[in-house]
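Input: a single structure, listed below in structure tokens.
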2 protein chains.
Amino acid sequence: MVDLNSNIDTIPLREEDLRQGIELLFYAYRDFTSEPDTILNKYDLGRAHHRVIYFVGRNPGITVTELLEILRITKQSLSRVLSHLLETNFINQRADLADRRRKQLTLSDKGKVLEHELTSTQMDRFARAYREAGAEAVEGFRRVLIGIVEPEDRANVRPAAIRAQNRR
Amino acid sequence: MVDLNSNIDTIPLREEDLRQGIELLFYAYRDFTSEPDTILNKYDLGRAHHRVIYFVGRNPGITVTELLEILRITKQSLSRVLSHLLETNFINQRADLADRRRKQLTLSDKGKVLEHELTSTQMDRFARAYREAGAEAVEGFRRVLIGIVEPEDRANVRPAAIRAQNRR
DNA sequence: ATAATTAAGTCAATATGGTTGACCTTAATT
DNA sequence: AATTAAGGTCAACCATATTGACTTAATTAT
């Protein structure tokens, strides 16, 4: 390699590139939540309900404490949203037989239908973006975003098969 | 190429990969806003103030209408936040000489200092992630996230030099 | 067996940031 | 002169978050 500056490790990262990253994350997040928000409106639900439905669907049997760790909100805040989803039968709970203090949350059939309706809009968006960008770009996208996530939480965004192994 | 399925365009995108994208965006956004939130707290400001400070800093002379298009919130909602930033002298406004209804917003010196304090935590996070992932990954990250953003807004996340040309 | 801890839930007060709707002023455009 | 556009304001309301205090039930540790 003749031009040492072509190595990303040696050239200083330009502020412009870093700001572009910040803005990409802002715009992507803004647009990625807008379609689900419209759907949620029909059901008189909000974005907070979506997050709960998503992560319960993704982690069947998850407990309240585990959910709180993912969402990083307070128990009281989750309570309103979760209570409503239980009352309206989008989510079911049953006691953990090994530790009856714990309540395992799962999506009801109705909940699964809604989860799919919400998530499929986001998956469609990702499918299109992945296809247009190509497999290599997708791998880069993953590597960068995993680097943005706090190290303690990186294990949560590994493929589900690997996560299942680490489940207590 | 022997195995046609190794082409991303031919293999169906697995749901697992799409969900990983969704989750990466959720966790990355969550963590990427947490440090600024802590700083904002010291100044009795919130995340909404940060967004205004960021985009005014990034687009000196931006008008209210332009800001609303970026943030996608209502005028009334912006009003409270912006009024407060004007009162506390983080932001200055002056009439556009060509169209005196328009008010051009800029950061004051005090505003620039705060903008830097807030944004530098996010730039540090991106710098580390970019460096760890490498230049190729960064390019992939960009390509995918631009694909997630609505087409109309993709021009906003092009390098500033290019955006400046397109400015009326 | 008792004490301490953990998981879940509840009540209350408060803050932030978003909405809709009605209305006004000023300035530019037709 | 009439219309439109940019900006601003008042009011009511709603969703989602917070802190803090407290309870109940079940498990774990002493």
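All chains are named by letter (A, B, ...) in the order of the sequence lines, taking the proteins before the strands, and each is independently numbered beginning at 1.
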[X] side chain, from C-beta outward: closest of [options]:
| X | options | value |
| --- | --- | --- |
| A:Arg100 | D:dT27, D:dT9, D:dG20 | D:dT27 |
| A:Ala48 | D:dG8, D:dA17, D:dA5 | D:dA17 |
| A:Thr74 | D:dA11, D:dG8, D:dT19 | D:dT19 |

Measure the distance from [atom1] on [X] to [atom2] on [N] and round it to the nearest whole Å.
| X | N | atom1 | atom2 | answer |
| --- | --- | --- | --- | --- |
| A:Arg101 | D:dA26 | CZ | P | 10 Å |
| A:Arg51 | D:dT16 | CZ | P | 8 Å |
| A:Lys103 | D:dA26 | NZ | C1' | 11 Å |
| B:Glu69 | D:dA5 | CD | P | 13 Å |
| A:Leu40 | D:dA15 | CG | C1' | 12 Å |
| A:Asp44 | D:dT16 | CG | C1' | 16 Å |
| A:Arg72 | D:dT16 | CZ | P | 20 Å |

By the 4.0 Å heavy-atom rule, please label [X] as base, sugar-phosphate, or nothing.
| X | result |
| --- | --- |
| B:His84 | nothing |
| A:Lys75 | base |
| A:Arg47 | sugar-phosphate |

| message | Need to verify one output field. Residue with the more 5' nearest nucleotide on DNA chain D, A:Val81 or B:Val64? | response | B:Val64

| note | Assign each of A:Leu97 and A:Arg80 the nucleotide of DNA chain D bearing its closest heavy atom; nearer the 5' end lies the nucleotide of A:Arg80

Is a side-chain donor or acceptor of [X] paired with a backbone partner of [Y] at a separation under 3.5 angstrom?
| X | Y | value |
| --- | --- | --- |
| B:Glu132 | B:Ala129 | no |
| A:Lys103 | A:Ile62 | no |
| A:Arg154 | A:Val149 | yes |

Return all side-chain donor-acceptor pairs below 3.5 angstrom for residues 137-147 of chain B, not counting sequence neighbours, or 'none' if the list is empty.
{"residue": "B:Glu139", "atom": "OE1", "partner": "B:Arg142", "partner atom": "NH1", "Å": "3.0"}
{"residue": "B:Arg142", "atom": "NE", "partner": "A:Gln20", "partner atom": "OE1", "Å": "2.5"}
{"residue": "B:Arg142", "atom": "NH2", "partner": "A:Asp17", "partner atom": "OD1", "Å": "3.4"}
{"residue": "B:Arg143", "atom": "NE", "partner": "A:Ala133", "partner atom": "O", "Å": "3.4"}
{"residue": "B:Arg143", "atom": "NH2", "partner": "A:Ala133", "partner atom": "O", "Å": "3.2"}

| Positional range of nucleotides in DNA chain C within the contact set of chain B, heavy-atom, under 4.0 Å | C:dG17 to C:dA28

| note | Axis-to-axis angle for the helix from C:dA1-D:dT30 to C:dT30-D:dA1, ends of five pairs each, to 10°, equals 30°

| field | Intermediate values then yes/no, ring pair (Phe, Tyr, Trp, His ring centres under 6.0 Å), A:Phe26 and B:Phe55 | value | CA-CA 11 Å; A:Phe26 168 77; B:Phe55 285 106; 5.0 Å; yes

| Can you tell me how far NE2 of B:His50 sits from CG of B:Leu118, rounded to the nearest 0.5 angstrom? | 4.5 Å

| said: Under 3.5 Å, is there any donor-acceptor pair linking the side chain of B:Arg102 to the base of D:dA6? | reply: no

| request: Report yes if a donor N or O on one partner sits less than 3.5 Å from an acceptor N or O on the other, where the partners are the side chain of B:Gln76 and the base of D:dG7; otherwise report no. | output: no

| Carboxylate-amine/guanidinium contact A:Arg30 A:Glu23, below 4.0 Å | no

| Taking NZ, NE, NH1 and NH2 as the nitrogens, is one of them in A:Glu35 or A:Arg47 under 4.0 Å from a carboxylate oxygen of the other? | no

| message | If you assign A:Gln104 and B:Ile73 each to the DNA chain C nucleotide with the nearest heavy atom, which residue ends up on the more 5' nucleotide? | response | A:Gln104

| message | If you assign each of A:Asp99 and A:Ser79 to its closest nucleotide in DNA chain C, which residue comes earlier from the 5' end? | response | A:Asp99

| said: Could you go through B:Ile70 and A:Tyr27, starting from their C-alpha distance and side-chain angles, then the distance that decides it, and tell me whether this counts as side-chain contact (heavy atoms from CB on, under 4.5 Å)? | reply: CA-CA 8 Å; B:Ile70 291 174; A:Tyr27 286 108; 3.5 Å; yes

| For A:Glu136, does the CD atom sit with more than 12 other heavy atoms under 6.0 Å from it, leaving out its own atoms? | no

